[in-house]
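Read through the structure below, which is laid out as structure tokens, and then see the notes.
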Amino acid sequence: MSIPSSSKAFVAGDRSILGFSSLAQLSRGNLLAEVDLHRAVASFKLRQNKKGLMGQFLTPASVAELMAGMFDRLDLPEIFLLDAGAGIGSLLAAFVTKVCQQQQHTSSLRIVAYEIDPFLIGYLRQTLELCARECQHVGISFNYEIRETDFIEDAVKRLQLGLLNNTNPAEFTHAILNPPYLKINAHSQVRKLLRSIGLETSNLYTGFMAATAQLLKPQGEFVAITPRSFCNGPYFCDFRKMFLEMMALQQVHLFESRQEAFNDDVLQETAIVRATKQEQKFSNVIINTSFGANDDYIMSHSVPYADLVHPDDKEQFIHILPDKISQQFVQQMALFTCTLQDLGLTVSTGKVVDFRAKNYLRTNSEKNTVPLIYPVNFSDGYIEHPKITKKPQAIVHRAETKNLLVPNEHYVLCKRFSSKEEKRRIVAVIYNADRFDYAYVGFENHLNYFHKEGRGLSYTLACGLAVYLNSTLVDSFFRLFNGHTQVNATDLRKLKYPTLEQLLSLGTEIKEQFLSLRAIDELVENKLLSMSNQSGNNPIAIKSRIDEAVQILSQLGFPRRQLNERSALTLLALLDLKPTDSWQLATSPFMGITPMMEFMAQHYGKTYKPNTRETVRRQTVHQFLDAALIVANPDDPSRPINSPKTVYQIEASALELLRTYGTEEWEKSIRTYLASIETLKKQYAQEREMSHIPIIIEGEIKTLLPGGQNILIEKIINDFAPRFTPGGKLIYVGDTDEKFAHFDEAALVDLGVSVARHGKMPDVIIHLTTNNWLVLIEAVTSHGPINPKRKKELEVLFRGVRIPLVMVTSFLSRKTMVEYLAEIAWETDVWVTEDATHLIHFNGEHLLQAYQIEKNKTS
């Protein structure tokens, strides 16, 4: 429930009526919030097997907003938008929202949305009606058409009709799409249709992209979220040539996590591509990288167009290099010019497809069987066989299986598939024939094996090749140009390799045990790269050091959300540890967030956008503080935590621990540290407690961490509550340090709702018993106000409450309030501590009436 609304917004007291030009200025975000609720319901109802069949992954609001925000030209007099696979309309809703937010509005917006799923079309129609209402608020002429037909079929028909009539079928100024991901059979009708417009492709998503591009007007803008797989490989060569001839790439946004974009079972690495329909290419292309769509910690890198797509590359590979270190990996790999053919070698996929050879497979070795090797048999650089596993460990050797086997000689085996979050994409081992007393061996189909005309390699060559393939250099290079989880034989054939002499030189270093990754990288550095004389930071050392820091955080028990590059770089900055420094050289300087980011850019080649500082503080530094890994303001404990002068320092015992990393003392040291960490946490908690802000709740003294939003929360409790909610019951008080300082959960349950303690709670909740209202208050210091999106979240969170909700945003100053004024939602109130006796009220009546009564009493 909410307070009844009226058509205007008033200011209590002597303020004048707020002069907003339209409802849309305060309602922005409501559209997307409602559409995203529909998406969540639709996704739940769609059967999982249907999603896989149709290639459907509905776009979350966070991704849709990110994509809509990438367009440049949203102020054209007339905009004609194409959404080729609209789903429930999340993308076009985000686009409409963005257009309505422009200072100079377009006069006309038309949308064509394609969708063939009857279940989704109902939602899509609702979304477009909401879009029409949004445009009406700001005076934009809006019309739409839902085409309930197959997009490829309809697009091809329109394109062919244009050719027949000698007319240009291109009509759209903008296109936004999340195309279906679905393999298409070589003999299917869709494949034939795409061939008719000059495209040979194996996946539906590239067909959607190509047809969409052809329907764009010159200078038309294109934004799509797709797998990265189109950027390389032979399967998408025709598509790249067609697309890049028509379109000029402007921006690519990558996601570190394969699952964060859609929160679904998406195996492909995902990218958002922005391009303009023109032949002339831009001088530079922006490559942005974030963990997920909600992550505002964005690494940004500009690359020359010629580096992204090499002009003389016949296959038109798209080289997405997210940072300077990636460029250095490419430069180092350019030192190697040998192909497998030059080396007299080749790589093939394992011949045993287990479900086809099921009758010949055996759990264990028997008479007339030979070993059968699966990826599960990989172990520390070699093959462990037999192994206790559900996989068969032997295959019958007879005439019917002879063509499935290879001679028992030395080979290098490589996994074809990596698990979703596997650290390495290329995982190679040595198959040492001397360990197996058989004439033949079988390699299962999930493996690739390197051989020489069907026979094995010399043992030294096999060792050298395995070292090279397992190096950080090769793995990092491969990830740059391979956007999926597979390592196909074709991909390995396309790699360049050291000379035969260099590989043999590497192989001589392998003894009985295979090398650690660190030893492999040192060997590759010394034997293969010492001649490169590259200036600047060493990319292998950088990658290895970041991986080490992530491993340390994992061993310290940090959750998965902190096991990422951002946290690793933050730790290294706080230790002032450069890529080639030994861990024994770690120090503990005082360091603020901005110097940390400068350190990352200077020594690790990772340049992040300046406005991402808050993400470092909230999603890494805060967790480091909670774990007592670092301390805040050790030079001045009284300094507020939100002060621009705040500095952080590695805690003394943690520094002592980290200096032992990579030594024989590490394992013992970390066990000792972990055993004492709870005592350390309590000690630092007591020190922080001494400078906490005291508040009195129901006669009991409680404390809040100094600084941050808690300065404002203290004023809400001591100033706002007595004046505007006299006699009210304080149910919840949040805290910068803890999730909450006070929570009367039973009182909230009595009002009809049970809220998880880790839900998105407001900062303060008061039950105003005299009016029987539930007052929800947000304290704005670093986060935003109660905007339409947040209002919707609170309404959903408290939907079980049986009494009216009153929502209040509080600010410390008028200046801060003005920055957020256009975002504040209708039917909410604003309180500023500088004017503690007044409320600004947007569109409701109750508090305004209460103020008028109070004013009459005093006049």
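Since this is a predicted model, take the numbers as computed values, not measurements. In this chain, residues are counted from 1 in sequence order.
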Specify the closest pair of heavy atoms between [X] and [Y], including all atoms of both residues, with the distance to one decimal.
X: A779; Y: S810; value: CA-OG, 3.3 Å
X: F798; Y: M761; value: CZ-SD, 4.4 Å
X: F811; Y: P785; value: CZ-CB, 4.2 Å
X: T809; Y: I786; value: OG1-N, 3.0 Å
X: I88; Y: T127; value: O-OG1, 2.7 Å
X: R790; Y: P762; value: NH2-N, 3.6 Å

Output yes when a side-chain donor or acceptor of [X] lies under 3.5 Å from a complementary backbone atom of [Y], and no otherwise.
X: N633; Y: V647; value: yes
X: T570; Y: R566; value: yes
X: R799; Y: V796; value: yes
X: T646; Y: S643; value: yes
X: E65; Y: A94; value: no
X: T97; Y: A93; value: yes
X: E115; Y: G87; value: yes

Return the [atom1] to [atom2] distance between [X] and [Y], rounded to the nearest 0.5 Å.
X: L730; Y: H742; atom1: CG; atom2: NE2; result: 5.0 Å
X: L821; Y: I840; atom1: CG; atom2: CD1; result: 7.0 Å
X: L91; Y: D83; atom1: CG; atom2: CG; result: 5.5 Å
X: E778; Y: D763; atom1: CD; atom2: CG; result: 5.0 Å
X: H137; Y: L31; atom1: NE2; atom2: CG; result: 10.0 Å
X: M67; Y: H253; atom1: CE; atom2: NE2; result: 11.5 Å

Flag the pair [X] / [Y] as yes when at least one side-chain heavy-atom distance between them is below 4.5 Å, and no otherwise.
X: F724; Y: V775; value: no
X: L774; Y: I731; value: yes
X: F255; Y: I272; value: yes
X: I777; Y: I765; value: no
X: L625; Y: Y648; value: yes
X: L839; Y: F720; value: yes
X: V808; Y: I716; value: no
X: L812; Y: K715; value: yes

Worksheet item: Is it true that the side chains of R39 and S90 contain a donor and an acceptor less than 3.5 Å apart?
Response: no
Worksheet item: Are any of the side-chain nitrogens in E795 or K791 under 4.0 Å away from the carboxylate oxygens of its partner?
Response: yes
Worksheet item: Which is it for D744 and L748 under the side chain to side chain contact (heavy atoms under 4.5 Å, CB included) test, yes or no, and what are the steps along the way?
Response: CA-CA 7 Å; D744 189 343; L748 204 56; over 6 Å; no
Item to complete: Check the pair L629 / L556 against side chain to side chain contact (heavy atoms under 4.5 Å, CB included), numbers first and verdict last.
Response: CA-CA 9 Å; L629 181 64; L556 288 173; 4.1 Å; yes
Item to complete: Report the C-alpha separation of H767 and I803 in whole Å, then their side-chain angles, then the decisive distance to 0.1 Å, and conclude whether the side chain to side chain contact (heavy atoms under 4.5 Å, CB included) test is met.
Response: CA-CA 10 Å; H767 180 200; I803 61 175; 3.8 Å; yes
Fill in: Q136, CD: over 12 other non-hydrogen atoms inside 6.0 angstrom
no
Item to complete: Applying side chain to side chain contact (heavy atoms under 4.5 Å, CB included), run through R723 and D719 and close with a yes or a no.
Response: CA-CA 7 Å; R723 179 174 299 275; D719 297 340; over 6 Å; no
